[in-house]
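Below: one structure, written as structure tokens.
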Amino acid sequence: MNYSERMQDIASMLAADGYNLAVEELGHRVALTVSPGPEACEDCLVPKDVFRGIAAHQLGIEGDLIDITYPADLPGYQGSTH
């Protein structure tokens, strides 16, 4: 099972709140990018450290091997218009 498959349940939960999850394997590291859709719930994202812990458990790797990009980290992101 690859990392994208292991993160499918979390990706489904994020999708329910209007977010997309991209999973990229970078050697021994994993990059997770959470990007907002048009109906994203800004208050629904947990802090990065919490998300890192959940992802580490789901992926079966150490949290320090996971790079997380949240919507606020994305170029040009200005928050929700809701």
Under 3.5 Å, which donor-acceptor pairs link side chains of residues 14-24 to any protein atom two or more places apart or in another chain?
unit_1 : atom_1 : unit_2 : atom_2 : d
Tyr19  : OH     : Cys41  : O      : 2.9

Exercise. Is there a donor-acceptor contact under 3.5 Å from the side chain of Gln8 to the main chain of Glu5?
Worked result: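 Between the backbone of Glu5 and the side chain of Gln8 there is no qualifying donor-acceptor contact (under 3.5 Å).
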
For this session: Please answer whether the main-chain N or O of Leu59 pairs with a side-chain N or O of Arg6 as donor and acceptor at a distance below 3.5 Å.
Result: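 Looks like yes, one N/O pair under 3.5 Å.
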
For this session: Sequence neighbours left out, what passes side chain to side chain contact (heavy atoms under 4.5 Å, CB included) with Ile54? Give chain and number order.
Result: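 Only Ile10, Val50 meet the side chain to side chain contact (heavy atoms under 4.5 Å, CB included) criterion with Ile54.
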
Exercise. Is it true that Val46 and Ile68 fall in one hydrophobic cluster, defined by side-chain heavy atoms closer than 4.5 Å?
Worked result: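 Result: yes, single cluster for both.
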
Problem set entry | Sequence neighbours excluded, every pair satisfying salt bridge (charged side-chain N to carboxylate O under 4.0 Å, His left out) that has a member inside residues 52-61 |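 Residue pairs with at least one partner in residues 52-61: Asp49-Arg52.
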
Problem set entry | Sequence neighbours excluded, every pair satisfying salt bridge (charged side-chain N to carboxylate O under 4.0 Å, His left out) that has a member inside residues 53-78 |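 Listed once each, the pairs are Arg29-Asp67, Lys48-Asp73.
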
Problem set entry | Spatial distance of atom CD1 (Ile66) from atom CD1 (Ile61) [nearest 0.5 Å] |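 CD1 of Ile61 is found 4.0 Å from CD1 of Ile66.
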
For this session: Looking only at non-hydrogen atoms, find the nearest pair between Thr69 and Leu74 and report the distance.
Result: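 It is CG2-CD2, 3.7 Å.
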
Problem set entry | Pair Glu25-Asn2, side chain to side chain contact (heavy atoms under 4.5 Å, CB included): steps then yes or no | CA-CA 9 Å; Glu25 296 179 44; Asn2 67 33; 4.0 Å; yes

Problem set entry | All salt bridge (charged side-chain N to carboxylate O under 4.0 Å, His left out) counterparts of Asp9, not counting sequence neighbours |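 Here no residue qualifies.
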
